[in-house]
Amino acid sequence: MKLRVLVDEEGELIAATSGPIGLPEEMPKTPSKDSEPAAGIVPGPGQFVQEVDVPDELINVDRTDEFHRHVAEVFRR
């Protein structure tokens, strides 16, 4: 599974998503499933986006701290 990760200048993980990252006006215009609200991540000053491959099993991790640890490990490789 591919994730887009948002990191700061020191390489610290700020956020991760399988969805798009960017300004709303730059995002593809696709309707949300069943008209559910959609959200995105917008990089701030000194933040960068990178794409990483993570194991598909990561989708089953239900604790934020564990998810963060797994993504950070993959990102730092």
About how many Å separate [atom2] of [Y] and [atom1] of [X], when rounded to the nearest 0.5 Å?
| X | Y | atom1 | atom2 | result |
| --- | --- | --- | --- | --- |
| Asp53 | Met1 | CG | CE | 10.0 Å |
| Leu58 | Glu66 | CG | CD | 8.5 Å |
| Arg69 | Thr64 | CZ | OG1 | 13.0 Å |

- Partners passing side chain to side chain contact (heavy atoms under 4.5 Å, CB included) against Phe48 (at least two apart in sequence or in another chain):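 Testing Phe48 for side chain to side chain contact (heavy atoms under 4.5 Å, CB included), a comparison that skips the adjacent residues, returns Val7, Glu9.
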- Which residues share a side chain to side chain contact (heavy atoms under 4.5 Å, CB included) with Gln47, sequence neighbours left out: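 Residues passing side chain to side chain contact (heavy atoms under 4.5 Å, CB included) with Gln47: Leu6, Ile14, Pro43.
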- Could I get the full list of side-chain hydrogen bond (donor to acceptor under 3.5 Å, both in side chains) partners for Asp56, not counting sequence neighbours?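 Partners of Asp56 under the side-chain hydrogen bond (donor to acceptor under 3.5 Å, both in side chains) test: none.
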- Item | Under the salt bridge (Lys or Arg N to Asp or Glu O under 4.0 Å) test, residues paired with Asp65 that sit two or more places apart |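 Only Arg63 meet the salt bridge (Lys or Arg N to Asp or Glu O under 4.0 Å) criterion with Asp65.
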- Message: Suppose we screen for salt bridge (Lys or Arg N to Asp or Glu O under 4.0 Å). Which residues come up paired with Glu51, at least two apart in sequence or across chains?
- Response: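 Salt bridge (Lys or Arg N to Asp or Glu O under 4.0 Å) check on Glu51 returns Arg4.
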